[in-house]
Amino acid sequence: MYKAVVIRKGSGGWGGPLTLLPTEEKHIILNVTGGGIHPLARHIADLTGAEVVDGFSTGVNDEAVLAVVIDCGGTARCGVYPRKGIKTVNVVPVGQSGPLANYIREDLYVSGVTAECIAAADGETAVQAEREGPAAETAAAVPESEPNGPAVNGITRIGIGIGKIVNKFYAAGRESVDITIKSILPFMAFVSMILGIITATGIGNVIAVTISPVAGSLPGMLVISLICAIPFISPILGPGAVIAQVVGTLLGVEIGLGHIPPQYALPALFAIDSQVGADFIPVGLSLGEAEPETVELGVPAVLYSRVVTGPLAVLLAYAASIGLY
């Protein structure tokens, strides 16, 4: 027996509320977080009677997915599933962010969610969700018909064509400015804050003593790359590229202070980036319309390949850096 629940945003969250009511066609709670099934996904499945599936180990057709639970820090996953019309529950308090921010809508996305944000829906809400769900899908499936207006002459066609081109450029400029404001500028502010903390607190000296012996040698960077690429660790380190951002900033400061030789900058970059994108692998395969069996085999294959390609990239970067400085 399926039951409906209402999911509201948590502290610092955005979007929602979302009403989830499983059906025979849509009965899967897809978990796309590192480290196995997230407790929140399990909690939603228990309350609704839906089936929870780990997106890193099992492929599922989008048509069967009722909702997706993610732990995205503001990159691509926040908008990938809303773009496909799938309700998305983010355990991280992130709003309209990333390159697909335009697709993140309150009726498809909610963030900062904890177990306290989920409650059983009352009878009226459950009935409304059951009626609106199929109706919305049917409406979305019907293509819009073009109006049967009078034939336009050549000059009018040219004018319409120019108008479309101008609108395309205008939309592209607006999206570029939007991405700059919502993604690039916050990242620059974050880096500036890290640099300020390092400078003001004198933590640079501590970093020089602890990180320099590891990041200042080729064996040390190979160890960092291996650790970041371990299959059951890399999906956890991947969301938001937080580890790469923080460590990269710290290493940049140390190289600038002369504690780490500058020729290690390029290999250090590859060493701390072995895990980048590891959390996005099942999402990417899904976007490529891969079959469920392909997702099941492809995700572990890519994760394990990082253990080989990560240190190999460090070696190639080290070789390319010889003689640059």
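In this structure, Val89 is not a member of the same hydrophobic cluster as Leu108, with clusters built from ILVMFWY side-chain heavy atoms closer than 4.5 Å. A continuous path of Ile, Leu, Val, Met, Phe, Trp and Tyr side chains, each step under 4.5 Å between heavy atoms, connects Ile224 with Leu218, placing both in one hydrophobic cluster. If you chain together hydrophobic residues whose side chains sit under 4.5 Å apart, Val6 and Tyr2 never meet in one group. Side-chain heavy atoms closer than 4.5 Å link hydrophobic residues (I, L, V, M, F, W, Y) into clusters, and following such links, possibly through other members, connects Leu18 to Val69.
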For side-chain contact (heavy atoms from CB on, under 4.5 Å), just list the numbers for Val113 and Val91, CA-CA rounded to whole Å, side-chain angles, deciding distance to a tenth of an Å, and then say yes or no. CA-CA 5 Å; Val113 179; Val91 300; 5.6 Å; no

Candidate pair Ile29 and Val53, rule side-chain contact (heavy atoms from CB on, under 4.5 Å), full reasoning: CA-CA 6 Å; Ile29 302 296; Val53 173; over 6 Å; no

Walk me through whether Ile162 and Ile165 qualify under side-chain contact (heavy atoms from CB on, under 4.5 Å). CA-CA 5 Å; Ile162 294 175; Ile165 294 174; 5.6 Å; no

Stepwise side-chain contact (heavy atoms from CB on, under 4.5 Å) check, Leu315 with Leu222: CA-CA 8 Å; Leu315 291 174; Leu222 290 174; 4.1 Å; yes

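The two residues Gln275 and Cys228 make their nearest non-hydrogen contact at CB-O, 3.2 Å. Closest heavy-atom contact between Leu20 and Ala67: CD1-CB, 3.8 Å. Residues Gln263 and Ser321 share a closest heavy-atom pair of O-CB, 3.3 Å. Heavy atoms only, all atoms of each residue included: Pro231 and Val307 are closest at CD-CG2, 3.9 Å. Listed here is the closest heavy atom pair of Pro282 and Ala278: CD-O, 4.5 Å. What you find for Val94 and Trp14 is that their closest heavy atoms are O-CB, 4.3 Å.
The closest donor-acceptor contact from the side chain of Arg306 to the backbone of Leu226 lies at 3.5 Å or more, if one exists at all. The backbone N or O of Phe56 lies less than 3.5 Å from a partner atom in the side chain of Asp54, making a donor-acceptor pair. A distance-only check finds no donor-acceptor pair linking the side chain of Glu51 to the backbone of His27 [under 3.5 Å].
Side-chain contact check for Ser11 versus Pro93: every heavy-atom pair is 4.5 Å or farther apart. Two residues are said to be in side-chain contact when any heavy atoms from C-beta on lie closer than 4.5 Å; Leu316 and Val314 fail this criterion.
Atoms OG1 and NZ, from Thr114 and Lys9 in turn, are 13.5 Å apart once rounded to the nearest 0.5 Å. The OG1 atom of Thr88 sits 8.0 Å away from atom OH of Tyr81, with the distance rounded to the nearest 0.5 Å. Between Leu21 atom CG and Leu66 atom CG the span is 8.0 Å, to the nearest 0.5 Å. Here the straight-line distance linking atom CD1 of Ile227 with atom CD1 of Ile272 works out to 13.5 Å at 0.5 Å rounding. Distance CG/Asp71 to OG/Ser111: 12.5 Å, rounded to 0.5 Å. Taking OG1 from Thr309 and CZ from Phe270, the interatomic distance works out to 11.0 Å, rounded to the nearest 0.5 Å.
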For residues 34-49, dump all side-chain donor-acceptor pairs below 3.5 Å to protein atoms at least two apart in sequence or in another chain.
{"residue": "His38", "atom": "ND1", "partner": "Leu40", "partner atom": "N", "Å": "3.0"}
{"residue": "Thr48", "atom": "OG1", "partner": "Ile44", "partner atom": "O", "Å": "2.8"}
{"residue": "Thr48", "atom": "OG1", "partner": "Ala50", "partner atom": "N", "Å": "3.2"}

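Residue-environment remark: NZ (Lys87) exceeds the threshold of 12 foreign heavy atoms within 6.0 Å. More than 12 non-hydrogen atoms from other residues, nucleotides or ligands lie less than 6.0 angstrom from NZ of Lys84.
Pairs engaging residues 219-229 under the side chain to side chain donor-acceptor pair (under 3.5 Å) rule: Ser225-Ser274 [sequence neighbours left out].
Relative orientation of the Tyr264 and Tyr318 rings is parallel, given thresholds of 30° and 60° on the angle between their planes.
Applying the salt bridge (Lys or Arg N to Asp or Glu O under 4.0 Å) rule to Arg8 yields no partners; only residues at least two apart in sequence or on another chain are considered.
A side chain to side chain contact (heavy atoms under 4.5 Å, CB included) with Ile70 holds for exactly one of Val92, Val80, Asn90; it is Asn90.
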